[in-house]
Amino acid sequence: MHAVSVFDLQHGTVALGGRRILEDVSVTVDEGEFVAILGANGSGKTTLVRTLVGLNPLAAGDLRVFDTPVRQFRQWPRLGYVPQRLSVGGGVPATVGEVVASGRTGRLSRFRRFSKADQAAVDHALEDVGLSHRVGDAVTTLSGGQQQRVLIARALAGEPEVLVLDEPTAGVDADSQDTLAGALGHLSNAGGSVVLVAHELGPLASLIRRAVVMSQGRVQSDGPPPQPDPHHDHPDHVHQHPHADPPSSSTFGLDR
Amino acid sequence: MTILAFDFMRRGLIAAFVVGLAAPSIGTFLVQRRLSLTGDGIGHVAFTGVGLGVLLRTSPVLTAVVVSVVGAVVIEIVRERAAASGDVALALLFYGGLAGGSILIKLAGGTSSALGGYLFGSLSSVSDGDLAVIVTLSAVVLLTMALFLRELFAVCQDEDVARVSGMPVRFLNLLVAVGAAVTVTVAMRTVGLLLVSALMVVPVATVQLVARSFKGTLYGACLLGSVMSVGGLVVSYYADVPPGGSIVMLSLAAFLVAAVSRKWVRA
């Protein structure tokens with residue numbers, strides 16, 4: 001049986017501010033796949049995922065989302081998107097619960113009240129990222145890694161069939177990386193698709209079945225993920241990053 | 001209370017109350033997006049609308065609504081395009097608005113005291129007709145904000161995410177811009193065009209010092225805004241100062257108290 005393709009980009013070219021960022025890129029993601037987009041800084045990873053979710057217009061090529069041309073696609077709540085952010089933004093305070101619940105908004109029609117099912121989805125998303133106990137706290141009181149988990153919970157609250165994440169592990173402490181891997185594992189096991197941009201895979205490595213490697217705006221390779229150092233997936237291996245602990249919102253996010 | 005013996009004061013107090021309620025409801029979203037100065041810009045543009053109204057001998061409130069809505073839409077379009085020169089373009093628009101207004105009012109034979117009324121508010125200037133317009137438009141702003149609260153919160157949190165989840169982001173942004181323009185014009189009579197933005201922003205800035213949630217900030221700011229607005233008007237009556245000045249000074253004092261007491265509580 002032919003699987004439904006979640007994203008089908010054919011010969012996509014994207015130019016931003018007069019500069020060509022993507023050049024003749026073809027990528028297809030089928031339902032249930034777990035794909036990592038890898039590559040150096042400036043290789044076009046972020047532009048690629050932003051294009052897949054419809055945020056960047058195509059200068060040339062075709063994009064189909066759930067087998068529908070992107071211009072005619074209307075079922076956007078089937079997608080969840082986690083952009084690369086330094087922190088949960090804004091000048092006005094908001095609680096963890098409020099931010100996560102806002103991920104539900106796309107699914108609600110204007111006059112429908114927030115139902116028990118909506119609340120259950122929010123609770124479940126918070127549980128998945130291990131932040132249920134912080135639901136009433138202001139997001140700004142959370143660490144960088146926890147804020148990243150809030151952003152992921154916001155996307156999960158919409159109960160998406162496909163989750164697209166841009167550098168979800170950048171500047172995130174080891175604990176949060178493990179929690180994140182757990183949450184993405186749940187989604188994947190339940191038949192969901194995941195597309196994520198990553199610098200290094202860390203605890204996500206065991207989940208990834210396919211890696212698209214970008215280089216200078218083109219697809220360099222597409223296939224099984226590169227094998228990590230053998231000691232990396234040893235159970236006793238402690239994954240440490242010099243920039244990971246403790247994260248503060250002023251020290252990362254410069255490359256967004 | 002003698003203050004309620006005068007018709008113009010009763011009208012003024014009602015106007016101050018509804019404006020104090022409506023202005024922070026828009027202001028919360030402006031502060032959230034770090035666009036606190038948008039209201040000031042629209043106020044400058046609205047001044048041309050006032051001048052136009054005086055010149056055409058129609059209601060200045062009405063022409064100000066039209067001109068500032070157009071101005072707000074232009075500002076929003078410039079913001080969306082976010083060209084490198086975006087902030088210069090906005091500055092030019094603001095200066096044009098103020099300059100245009102001053103010329104039009106002079107051409108119409110207006111005096112500088114009439115001008116002061118529009119810039120800093122005036123107690124006696126709210127007529128019955130004005131009051132009806134002010135109450136109606138404030139109610140429309142409040143209802144619209146309530147109706148679209150969920151979407152507006154999502155858009156102000158993260159425009160990209162809202163767009164991906166299928167929300168009409170441009171429409172919602174324009175809604176805030178137009179809402180801000182309407183609020184500026186209805187608040188013009190009480191606080192004046194140069195200080196209207198303070199009524200949108202200062203209550204929000206004050207409440208967010210102590211609030212944890214967005215809803216708490218929003219409701220608290222509306223409550224505080226209406227109290228400051230009415231209180232400032234009362235001060236204006238007894239101290240014989242322009243209401244815009246007393247309303248904003250009172251709001252700033254509340255901000256100071258909140259900031260200092262928060263430091264104390266934390267220390």
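Because only heavy atoms are used, hydrogens play no part in the values below, and waters and symmetry mates are left out as well, while side chains stay in.
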Select, from R74(A), R154(A), R78(A), the one with the greatest count of heavy-atom pairs under 4.5 Å involving chain B.
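So the answer, after comparing R74(A), R154(A), R78(A), is R154(A).
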
Between P160(A), G106(A), G17(A), which shows the greatest number of heavy-atom pairs under 4.5 Å with chain B?
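Most pairs with chain B among the choices: G106(A).
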
Based on non-hydrogen pairs under 4.5 Å, which of [options] is most in contact with chain A?
options: L218(B), T217(B), L30(B); answer: T217(B)
options: S165(B), G216(B), A205(B); answer: S165(B)
options: V31(B), D158(B), V207(B), T28(B); answer: D158(B)

Under the 3.5 angstrom rule, does the side chain of E98(A) hit a backbone N or O of K215(B) as a donor-acceptor pair?
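Yes; at least one donor-acceptor contact below 3.5 Å.
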
Does Y95(B) have more than 12 heavy atoms from other residues, nucleotides or ligands lying within 6.0 Å of its OH?
no

Are more than 12 heavy atoms from other residues, nucleotides or ligands located less than 6.0 Å from atom CZ of F94(B)?
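Count over threshold, so yes.
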
What part of [X] gets closer than 4.5 Å to chain B, counting heavy atoms only: side chain, backbone, both or neither?
X: V82(A); result: neither
X: R107(A); result: neither
X: R104(A); result: neither

Write down the atom of [X], the atom of [Y], and the distance for their closest heavy-atom approach.
X: A138(A); Y: R212(B); result: CB-O, 3.7 Å
X: P93(A); Y: A211(B); result: CG-O, 3.6 Å
X: D160(B); Y: Y81(A); result: CB-CE2, 4.0 Å

Hey, could you give me the CD/OG1 distance between E151(B) and T105(A), rounded to the nearest 0.5 Å?
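So the gap between those two atoms works out to 6.5 Å.
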
Please flag which part of V204(B) lies under 4.5 Å from any non-hydrogen atom of chain A: side chain, backbone, both or neither.
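Only the side chain of V204(B) comes within 4.5 Å of chain A.
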
